[in-house]
Amino acid sequence: MAHDTFPPTSPLEHVLAFIRVLERGGGGAEIRPFLADSFVLTEAPHLLAPEGSTRMLAAVLAGADQSREVVEDQQFRVQRTTCEGGRVVVEADWSATVLMDLRYWDRGETIRARTSSVFEVSDGVIVSQDSYDCYFR
């Protein structure tokens, strides 16, 4: 896939633009241009996924579409970023309104997490994300 839909940006700017699309509720089609064909998301174990998970691009895009049925009004308050070459680390406070009953939250409640993610950006696209999420109950 050609990745010339974006003007050249720094890896940090690219990751922050990706986060803003997620914040606006972007689904698979909206986040696809940010991600490499070989994109891999690795989530460390957390409250909603005690075993953690590793997902390839197709599963990530499907999950982005499905998230619209689970949460709305996502907000990422970026607390700190670090960038070295193509590696971008983002620490953020995330919140969203739950649209259905979940294990620890009822519909209409606000779900909150402190997140840290390590992104690898190469040739203008994100090739991987390692995510470390700490949810508050």
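Values in this document were obtained by computation on a predicted structure and should not be read as measured data. FYI, side chains are in, hydrogens and waters are out, and symmetry mates aren't considered; it's all heavy atoms of this structure.
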**Report entry** Electrostatic pair Arg107:Asp101 at N-O distance under 4.0 angstrom
**Finding:** no
Requested in this report: Spell out, yes or no, whether Phe119 and Phe76 are grouped together once hydrophobic residues are joined by side-chain heavy atoms under 4.5 Å, including indirect joins.
Outcome: yes
Report task. Walk me through it: do Val127 and Val121 pass the test side chain to side chain contact (heavy atoms under 4.5 Å, CB included)? Result -> CA-CA 6 Å; Val127 296; Val121 179; over 6 Å; no
Report task. For Pro11 and Gly85, work out which heavy atoms get closest and say how close. Result -> CG-O, 3.5 Å
Requested in this report: Calculate, to the nearest 0.5 Å, the distance between atoms CG and OG belonging to Leu41 and Ser117 respectively.
Outcome: 8.0 Å
Query raised in the report: Between Val21 and Phe34, does a side chain to side chain contact (heavy atoms under 4.5 Å, CB included) hold up when you go through it step by step?
Result: CA-CA 10 Å; Val21 170; Phe34 291 89; 3.7 Å; yes
Requested in this report: Scan side-chain atoms only and decide if Trp94 and Gln75 contain a donor-acceptor pair under the 3.5 Å cut-off.
Outcome: no
Query raised in the report: With no hydrogens and no angle check, is any side-chain donor or acceptor of Ser10 less than 3.5 Å from a backbone partner on Glu13?
Result: yes
Query raised in the report: When you check the side-chain N and O atoms of Glu43 and Ser131, is any donor under 3.5 Å from an acceptor?
Result: no
**Report entry** side chain to side chain contact (heavy atoms under 4.5 Å, CB included) evaluation trace for Glu120 with Gln129
**Finding:** CA-CA 7 Å; Glu120 291 289 340; Gln129 177 184 352; over 6 Å; no
Report summary line: OG1 (Thr115) and CZ (Arg77) are apart, to the nearest 0.5 Å, by 11.5 Å
**Report entry** N-O pairing of Asp37 and Arg32 below 4.0 Å
**Finding:** yes
Query raised in the report: Does a side-chain heavy-atom distance below 4.5 Å link Val118 with Val88?
Result: no
**Report entry** Side-chain heavy atoms of Ile31 within contact of Phe18, under 4.5 Å
**Finding:** yes
Query raised in the report: Is a donor on one side and an acceptor on the other found under 3.5 Å between the side chain of Asp73 and the backbone of Ala96?
Result: no
Query raised in the report: Going only through I, L, V, M, F, W and Y residues with side-chain contacts under 4.5 Å, is there a path from Leu99 to Tyr104?
Result: no
Query raised in the report: Side chains of Thr97 and Glu72: do they bring a donor and an acceptor to under 3.5 Å?
Result: no
Query raised in the report: So how far is it from Leu22 CG to Gln74 CD, rounded to the nearest 0.5 Å?
Result: 6.5 Å
Requested in this report: Taking the side chain as every heavy atom from C-beta outward, state whether Val98 and Thr110 have any pair of such atoms under 4.5 Å apart.
Outcome: no
**Report entry** Residues Glu23 and Arg20 bridged, charged N to O under 4.0 Å
**Finding:** yes
Requested in this report: Measure the OG-CZ distance between Ser116 and Arg80 for me, rounded to the nearest 0.5 Å.
Outcome: 8.0 Å
Query raised in the report: Rounded to the nearest 0.5 Å, what separation is found between the OH atom of Tyr135 and the CG atom of Leu102?
Result: 10.0 Å
Requested in this report: Look up atom CG in Leu47 and atom CG in Asp133, then write down how far apart they are to the nearest 0.5 Å.
Outcome: 10.5 Å
Query - Gln66, CD atom: more than 12 neighbouring heavy atoms under 6.0 Å - result: no
Query - Joint hydrophobic cluster, Val70 plus Ile111, side-chain heavy atoms closer than 4.5 Å - result: yes
Query - Joint hydrophobic cluster, Val15 plus Leu57, side-chain heavy atoms closer than 4.5 Å - result: yes
Query raised in the report: Does the side chain of Val40 reach to within under 4.5 Å of the side chain of Met56, using non-hydrogen atoms?
Result: yes
Query - NZ/NE/NH1/NH2 to OD/OE distance under 4.0 Å, Glu30 and Arg68 - result: yes
Query raised in the report: Between His14 and Gly124, is there a donor-acceptor pair closer than 3.5 Å when you use the side chain of the first and the backbone of the second?
Result: yes
Query raised in the report: For the hydrophobic clusters of this structure (ILVMFWY residues joined by side-chain heavy atoms under 4.5 Å, transitively), does one cluster hold both Phe39 and Leu16?
Result: yes
**Report entry** Step-by-step side chain to side chain contact (heavy atoms under 4.5 Å, CB included) determination, Trp105 to Arg112
**Finding:** CA-CA 10 Å; Trp105 299 273; Arg112 298 181 195 290; over 6 Å; no
Requested in this report: Verify, without hydrogens or angle tests, whether Thr82 (side chain) and Val89 (backbone) share a donor-acceptor contact under 3.5 angstrom.
Outcome: no
